[in-house]
Amino acid sequence: MASTQELIQTLKSELRLQQITYAQIGGKLQLSESSIKRLFSTQDMSISRLESICNIANIDILQLATKAVKQRQHVLHLTRQYEQDIIGDEKLMLVTVHLVYGWSYEKIIRVFNIDRFEGQHLLTRLDQMGVIELLPHNKVRILLSTSFKWIENGPIQTFFEKEIQSEFFKSGFNREGEMRLVSHGWMSLDRLNAFHEKMIRVAKEFELELEQDKHIPVENRMGTTMVVAIRPWVLSLFERYRRAGK
């Protein structure tokens, strides 16, 4: 269900699309233009007032709510506070990750030590964040865009760098399904930047493989992580012997 704030934001977009001004709305509702601006800026609007403005835009509340939910499905990132909330609650992070990657709520509470009351609370929080739409019987619809990204240098990325990254590389990468490739050489900056495009294509290929496996039951899939990284770098041991200015 769309929140009042989402309805108001969607209505603003609809008015802009139809080129309906605050002054025109004020004229029809016998209010000043500044009063209409205040209603939208504070997002403090009664349902009856919202409905009146919807009528001016020739759209009903149900249509507006449908548009608001559809817009949610194109969320490219969460707010910094929401990212912080997720990493600040281990069970919330667990539920978030597993829902996004295709687990059902029932499977999550069956596999992990989360009781139903606690799980319901976590689902409600994710619904409020716009990560999911909570449906009857605790079914969920993921609302994040396929192009969703965590905030650059935000709470989630910082958490990854401090905690997950070091844990990920604590492996000999010699078990089934594992591989580690390390290459080293001397490359110009222009060629290095051009090579980034090839790495991006590899990442897109990885995402395509994930998409093609979605029809396979989650029980038959494994959480899989690929890290592709490249940067100008020399072992710090060598750098200690570099002559000044060289």
Side-chain angles (χ1 to χ4, degrees), residues 75-105 107-114 119 122 125-126 129 131-132 140 142 144-187 192-239:
V75 171
L76 295 177
H77 59 80
L78 300 180
T79 66
R80 186 173 294 271
Q81 183 58 56
Y82 283 163
E83 284 198 10
Q84 189 63 54
D85 290 344
I86 289 172
I87 64 169
D89 185 325
E90 292 180 354
K91 288 187 176 179
L92 180 62
M93 181 163 57
L94 183 153
V95 172
T96 302
V97 169
H98 285 81
L99 286 177
V100 168
Y101 287 109
W103 285 46
S104 67
Y105 168 71
K107 180 174 176 60
I108 291 171
I109 61 174
R110 186 168 67 248
V111 173
F112 297 104
N113 185 25
I114 299 175
L122 296 173
R125 289 178 67 186
L126 290 176
M129 291 180 184
V131 174
I132 65 170
V140 303
I142 304 301
L144 304 180
S145 166
T146 54
S147 302
F148 175 83
K149 301 291 182 185
W150 299 115
I151 298 173
E152 186 173 357
N153 298 321
I156 297 291
Q157 279 197 3
T158 301
F159 176 79
F160 173 83
E161 291 169 2
K162 287 184 177 179
E163 305 292 338
I164 301 175
Q165 193 165 259
S166 60
E167 182 178 325
F168 178 79
F169 285 106
K170 286 180 181 178
S171 172
F173 289 89
N174 50 16
R175 291 174 292 185
E176 185 177 2
E178 295 185 340
M179 174 182 284
R180 177 175 56 196
L181 298 175
V182 179
S183 300
H184 186 68
W186 296 80
M187 187 180 293
L192 179 61
N193 289 331
F195 193 77
H196 290 178
E197 296 299 321
K198 296 182 180 180
M199 295 174 65
I200 290 171
R201 288 199 293 271
V202 170
K204 289 181 178 178
E205 286 288 335
F206 179 78
E207 292 172 0
L208 181 60
E209 296 295 332
L210 294 177
E211 189 67 29
Q212 291 180 345
D213 257 6
K214 279 191 173 180
H215 70 284
I216 298 176
V218 70
E219 292 82 1
N220 298 331
R221 288 182 279 157
M222 298 173 289
T224 304
T225 299
M226 180 183 73
V227 177
V228 181
I230 188 171
R231 69 183 178 104
W233 175 81
V234 177
L235 191 64
S236 58
L237 169 65
F238 299 163
E239 287 295 284

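Note that these values count all heavy atoms, side chains included, but never hydrogens, waters or copies made by symmetry. This structure is a prediction, so every number in the text was calculated from the model and none was measured.
Contact annotation: the side chain of Asp89 approaches that of Arg125 to within less than 4.5 Å [non-hydrogen atoms, C-beta and beyond]. In this structure, the side chains of Arg201 and Glu197 come closer than 4.5 Å at one or more pairs of heavy atoms. Proximity of Ile230 to His196: side-chain heavy atoms (C-beta onward) are separated by under 4.5 Å at one or more points. Using a 4.5 Å heavy-atom cutoff, the side chains of Ile109 and Val95 are not in contact. Taking the side chain as every heavy atom from C-beta outward, Leu78 and Ile156 never approach each other to under 4.5 Å. A 4.5 Å side-chain heavy-atom check between Met129 and Thr96 finds every atom pair outside the cut-off.
If you take OH on Tyr105 and NE2 on His98, they are separated by 14.5 Å, rounding to the nearest 0.5 Å. Of the inter-residue distances, the one linking Gln84 atom CD with Thr158 atom OG1 reads 9.0 Å to the nearest 0.5 angstrom. Atom CZ in Arg80 sits 13.0 Å away from atom CG in Asp85 (nearest 0.5 Å). The distance from the CE atom of Met226 to the CD atom of Glu205 is 9.5 Å, given to the nearest 0.5 Å. Atom CD of residue Glu90 and atom CG of residue Leu92 lie 11.0 Å apart, to the nearest 0.5 angstrom. Rounded to the nearest 0.5 Å, atoms CD1 (Ile151) and OH (Tyr82) are 12.0 Å apart.
Ring orientation note: the planes of Phe148 and Trp150 are nearly perpendicular, at an angle over 60° on the 30°/60° scale.
For Glu219, the CD atom counts as densely surrounded, since its 6.0 Å shell holds more than 12 non-hydrogen atoms of other residues, nucleotides or ligands. At most 12 heavy atoms of other shown residues, nucleotides or ligands fall within 6.0 angstrom of atom CZ in Arg175. For CD of Glu152, the number of neighbouring non-hydrogen atoms (other residues, nucleotides, ligands) closer than 6.0 Å is 12 at most. Within 6.0 Å of the CZ atom in Phe206, the count of heavy atoms belonging to other residues, nucleotides or ligands exceeds 12. Surrounding OH of Tyr101 are at most 12 heavy atoms belonging to other residues, nucleotides or ligands under 6.0 Å away.
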Step by step, would you call Val111 with Trp103 a side-chain contact (heavy atoms from CB on, under 4.5 Å)?
CA-CA 11 Å; Val111 173; Trp103 285 46; 3.9 Å; yes

Take Leu94 and Ile108 through the side-chain contact (heavy atoms from CB on, under 4.5 Å) test and state the conclusion after the steps.
CA-CA 9 Å; Leu94 183 153; Ile108 291 171; 4.0 Å; yes

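Here the side chain of Lys91 pairs a donor or acceptor atom with the backbone of Asn113 at under 3.5 angstrom. Listed for the Glu83 side chain is no donor-acceptor partner under 3.5 Å among the backbone atoms of Gly154.
For the residue pair Arg221 and Ile216, the shortest heavy atom distance occurs at NE-O, 3.0 Å. Closest non-hydrogen pair, Leu192 versus Pro232, comes out as CD2-CG, 3.5 Å. Closest of all the heavy-atom pairs between Leu99 and Leu126 is CD1-CD1, 3.9 Å.
A salt bridge is absent between Glu207 and Lys204; no separation between the charged side-chain nitrogens and carboxylate oxygens falls under 4.0 Å.
Remark: the Asn174 side chain and the Glu178 side chain contain no N/O donor-acceptor pair separated by less than 3.5 Å.
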